[in-house]
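Shown below is the structure under consideration.
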Amino acid sequence: MNSGTGPQSAGAGPSRVLLIGQADKALSDIRNMDRRVFEMPGNVLDGIDAAARHQFESVVVVMEGLANQLHAILKALRKSTNAKLVLLARMHEEPTAQRLTAPSAGESKLADEYLVSPTNLASLHPGGKGERVVEAKAEPQTPAVQSPVVAAPSADRTAELQRRIEQLERLATTDDLTGLKNRRYLWEFARQILERAARTSGRVTVLVFDIDNFKHYNDVYGHMTGDEILREAATLMRRCCRSHDVVGRIGGDEFAVVFWDDPHGPAGGPSERRSAAAEHPAEAITVAKRFQQALGRTDLHLLGPKAEGVLTISGGLASFPRDGSTVQQLVDRADKALLEAKRGGKNRIYLVGEPQSDIADIR
Amino acid sequence: MTGASPGAAPCLIVVGDPCSEFVRTMVRLAREYRVEAVSCDDVYSAVAAMAQAAGRRTLVVGSIQELAREDCRFFRIADGNSVRCCCLLDRRAFGVAGGALAAVRAGAAVVGEAGEVRPILKEWLTTGGHRAVRRNLGDLADEDLRATEAELIALLGQGTDE
């Protein structure tokens with residue numbers, strides 16, 4: 001290992017986790033970092049060098065600030081270490097992290113798992129064994145002075161706790177009925193993505209929609225059928241969106257989608273993806289249209305023998321920066337466009353600022 | 001610093017787009033001198049390849065723009081592991097002077113065109129090739145001064161007086 005700004009103890013001590021990138025921003029308890037367990041090289045290249053020359057249980061890559069280099073860094077790490085590669089993603093980076101850890105066919109898996117920051121060091125559990133607790137606090141102990149606080153948890157217990165933490169995290173961010181993200185997650189994600197868009201001149205579009213006549217279906221066919229309709233709509237919407245767009249259920253039969261420009265996405269800059277005619281990203285409109293078409297083809301047997309095309313939605317699209325710069329402003333405006341769409345006869349999606357302008361009319 | 005094991009096969013790490021003329025020329029050159037060539041797309045892969053080649057005599061060639069990424073840290077890592085670097089300077093590229101200076105300070109050779117790599121490769125193969133970092137003028141041998149002059153000429157984009 002090179003001396004100087006590189007990690008000091010690589011290879012010599014019990015180092016288990018290598019942190020690459022701006023870990024100080026992503027970890028909430030960085031000051032408590034035990035340098036014998038966690039190493040944080042000053043430069044990404046030092047990190048790759050350390051990963052290649054020494055044994056680590058995990059290499060954690062902080063995604064923040066690595067937009068363009070991330071793929072190259074992960075490829076280099078994959079080539080140089082057998083350690084588990086963990087991504088530390090901010091909320092708006094989660095779709096990218098998901099794609100890198102669970103790629104679609106034809107893409108290579110560049111990372112093994114991801115965590116959403118800010119997180120604490122306990123989340124970066126090396127090997128899930130909890131042994132580092134012993135190493136960090138290791139002092140000779142007699143049975144008489146053993147304390148349950150200091151004693152290392154068993155591997156099973158640690159794994160169980162980890163599993164429960166993950167379960168709680170999932171419950172806190174997921175809508176139970178549809179499996180989509182919940183309101184809290186969606187708006188926090190939108191807040192972060194808007195912050196980023198303001199810095200990078202990016203574009204964000206929010207679609208708010210609900211199911212036409214949902215109350216009628218609930219009243220006539222019962223709540224079980226209502227739930228089934230919600231699940232079906234959620235599945236269809238998720239399928240119609242790009243993998244990095246975030247879909248959530250924000251209320252009874254009300255859903256929202258946050259469309260944004262993913263810097264790690266496929267080729268084609270934001271300008272290429274926008275419709276010149278409309279001030280909204282063209283892909284948001286395309287996705288919304290695709291969803292309406294898919295819904296039109298869906299045959300919901302629960303609604304009777306001729307239920308194909310019965311289910312429709314109405315929605316409103318608001319875009320940053322034209323229609324607002326905060327989540328609240330965008331959602332309010334998209335909501336108003338949704339109401340306009342309802343007044344206009346339902347089964348349509350209106351653009352903010354262009355009343356009576358159904359996206360179906362946009363080519 | 002890590003030294004190369006005597007007798008270990010030398011390795012040429014070529015950094016850049018594998019389809020580029022420069023990389024193909026370097027791979028041909030390596031074949032001509034019977035040196036194993038390892039092609040790396042970028043500086044990140046080059047660091048990994050350099051670590052994997054630990055114990056072998058290694059020469060890295062690549063464009064200054066690529067090798068100088070991440071605050072020119074690559075040159076320090078290479079120097080710390082006794083790996084010789086040779087950087088191709090594209091005089092038309094913007095903002096490469098800082099990278100070239102960092103490369104020279106870390107003991108790397110700087111060349112103006114791909115054809116100039118041949119004598120460096122030859123010298124590296126015959127002598128073992130790693131040059132020490134020049135911390136002050138007193139450390140410079142005549143040979144180093146000539147090399148430095150050539151590097152600076154390449155850096156400044158001037159012709160020689162010969």
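Here is how names work: the chains are called A, B, and so on, in the same order as the sequence lines, proteins then strands, and each is numbered from 1. Given the structure is predicted, the values throughout are model-derived calculations rather than measurements. Basis for what follows: all heavy atoms, side chains included, without hydrogens, waters or symmetry-related copies.
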Run the side-chain contact (heavy atoms from CB on, under 4.5 Å) check on A/R53 and B/N81 step by step: do they pass?
CA-CA 11 Å; A/R53 292 177 192 276; B/N81 291 291; 3.3 Å; yes

How far apart are the closest heavy atoms of B/A48 and A/A76, and which atoms are they?
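The answer is CB-O, 3.7 Å.
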
Donor-acceptor under 3.5 Å (A/N43 side chain, B/E70 main chain)
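Between the backbone of B/E70 and the side chain of A/N43 there is a qualifying donor-acceptor contact (under 3.5 Å).
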
Decide if atom CG of A/N82 counts as having more than 12 heavy atoms of other residues, nucleotides or ligands within a radius under 6.0 Å.
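It does not: A/N82 CG has 12 such atoms or fewer within range.
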
Given that the side chain runs from C-beta out, which part of B/D41 has a heavy atom under 4.5 Å from chain A: side chain, backbone, both or neither?
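Neither part.
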
Between atom CZ of B/F74 and atom CG of A/D46, what is the distance when rounded to the nearest 0.5 Å?
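Here the rounded value is 12.0 Å.
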
Side chain of B/Q52, backbone of A/K79: donor and acceptor closer than 3.5 Å?
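Pair found, side chain donor or acceptor close to backbone of A/K79.
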
Rounded distance (nearest 0.5 Å) linking atom CG of A/D49 with atom CZ of B/R76
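Output value for this atom pair is 13.0 Å.
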
So do A/K75 and B/Y44 actually touch side chain to side chain, heavy atoms under 4.5 Å?
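Answer no - side chains too far apart.
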
